[in-house]
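First the structure, in the form of structure tokens, and then the observations on it.
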Amino acid sequence: MSRLRTISSTNYPENYPSKHNCWWHITAPAGNIVALVFTEFATEGCCDKLKIFDSPIRTGNNQLLIRVLGGDIASPFRVYSRNNYLSLRFESDSSLSYRGFSFTYRAIRPLPTPSAVTRTTRTTTTSSTTLAGVCGFTRQVTTNEPVEFTSPNHPRRYPPNSNCQWTLSTTPGRVVQLTIGRVETELKWDFIEVWDGIRKLARLEGLPATQTFVSVDYTGLIVTFQSDRSVNRNGFHAVFRSVPAGIVPPELTLPELCGFNTTATNAFQIITSPLYPNLYPLGIECKWYITSPPGSTILFNVTSTNIESCCDFLEIYDGTRAIGSLAGRLRGWRAYRSTGNFMMLLFYSDDSVARTGFHAKFKSFTPTITTTTTTAIPTTTVPSLTVPTPATKASTVAKTSTIAIHTTSLRPGTTCGYETIASSEPQILTSPQFPSTYQNNLYCEWVIGSPTGYTVQLTVGYLDTELCCDYLVILVGRSEVARLRGVLSEPVTYLSVVGITVRFVTDSSINEKGFQLVYRSVHSSSPITPLSLPCKYLIKILL
């Protein structure tokens, strides 16, 4: 598997120029194809187009066109080359311009061409017959044994210009029960319709919830599926059976296959690759869509991976932005957090080697805002330890006077994350339970802002974590400026006018003492002086 790279339109995320004409040429190693994942696409629909050609060089031959993209297209979506190369041409006219587009690309092994075969599928609930890759059929069922069918190629992308019809019937005295789920189509242009005779029961498109239908009589139901020539997605999965008329049939559920839509709660839920811990299937493309309640974010922890390193991968998206790509064996585990209330996961396997896959868990997270107040009792003067600040790219602090810090009524380390506005009075922040050892499986995040015209000054004075797997991340805005782990040899200071986020992540094994830092806000016109940490806590951890 090749490394993930990114291409964007000129000036992205600002508007692209008018009268623009750009070409990109991408070539993969022999035996591979090029996979594009568009994370945003917004152009003038009538006149500004991105053309994707099955060609390694510039061409005007429309017979080689793979896609023509324009307008506002819901993202993310994927485009694949037919060979090991493709060329892209973007043209804009002299009128309106928009944000443009951004996509990642990589070389992957091509999926096998699916064959229209009938197979028996084993599930945890019930056994059923699956008719996969068939674009329509006519079938009469007479028993309550479930029969599955899917859009062509599912769980991979359906082909363009599909026009399929499934006619489902039974015998007199019985009715047809149908459940359709895992629907993912291009909104407005690709859709499923369910008919009971001449009466249309539903039109499904985009990402609707699973729905169940029951026919009026034995003549049954008709399911149609249509797609246009542009964006292709994973389609749908359906199951139907015959049940006696006049009774309320028991719920008909879809067997677990690959991917789902779900809502995160404040308790961890599990996601795994299909058939985990057994070998995952070859030639699949699975997507999971996770939404959390408004005002919350999503924590996603990958606890284990065993994925073919060359050709299969798990990608993690924060909304439409790729924030992680995993393959091979994971040492320790990885933690991700969304910035909004939506995440998407994509798991891809080619047609060669299968492994056990991945195991992950997720939950919703609502940051709490904590205000630290000092007690009314007199403070005691504590001898201060001056923090020497090395000259680094991330920090430039003059070595002048030392500022003493007085302890407050809030014991450091009693919270795992909060949002606050830094004041001019220095505040202490530590890992949970400091100076005792921190707990397993932590994902703590502290968001520290500053008033307008002020700079956040933050000094990490002590760090002791498991070297391989537990770490402290410093972010300025959304950019990671430092990832600290192991034992810190000397204190380090960071400055930011847009605020600083501190993230602490631990795995499920060895625990150490954690970290201790101090922060405050400084007026942008004032000189920066070094911060000191209270020695009473440093003495405890050094004994």
Using ring centroids (six-membered ring only for Trp), state whether [Y] and [X] fall under 6.0 Å.
X	Y	answer
His20	Phe90	no
Trp288	Phe342	no
Tyr98	Tyr16	no
Phe300	Phe362	no

Pair Arg503-Glu445, salt bridge (charged side-chain N to carboxylate O under 4.0 Å, His left out): steps then yes or no:
CA-CA 4 Å; Arg503 181 180 298 159; Glu445 193 166 273; 2.7 Å; yes

Donor-acceptor pair, side chain of Ser521 and main chain of Pro451, under 3.5 angstrom
no

For [Y], is there an ion pair with [X] - N to carboxylate O distance below 4.0 angstrom?
X	Y	value
Arg99	Glu14	no
Arg157	Glu184	no
Arg203	Glu205	yes

Check the pair Phe504, Tyr438 against ring-ring contact (aromatic ring centres under 6.0 Å, His included), reporting the backbone distance first and the verdict last.
CA-CA 10 Å; Phe504 185 54; Tyr438 51 75; 5.1 Å; yes

Give a yes or no on this: more than 12 heavy atoms of other residues, nucleotides or ligands lie within 6.0 Å of atom OH of Tyr454.
no

Would you say CH2 of Trp24 has more than 12 non-hydrogen atoms from neighbouring residues, nucleotides or ligands within 6.0 angstrom?
yes

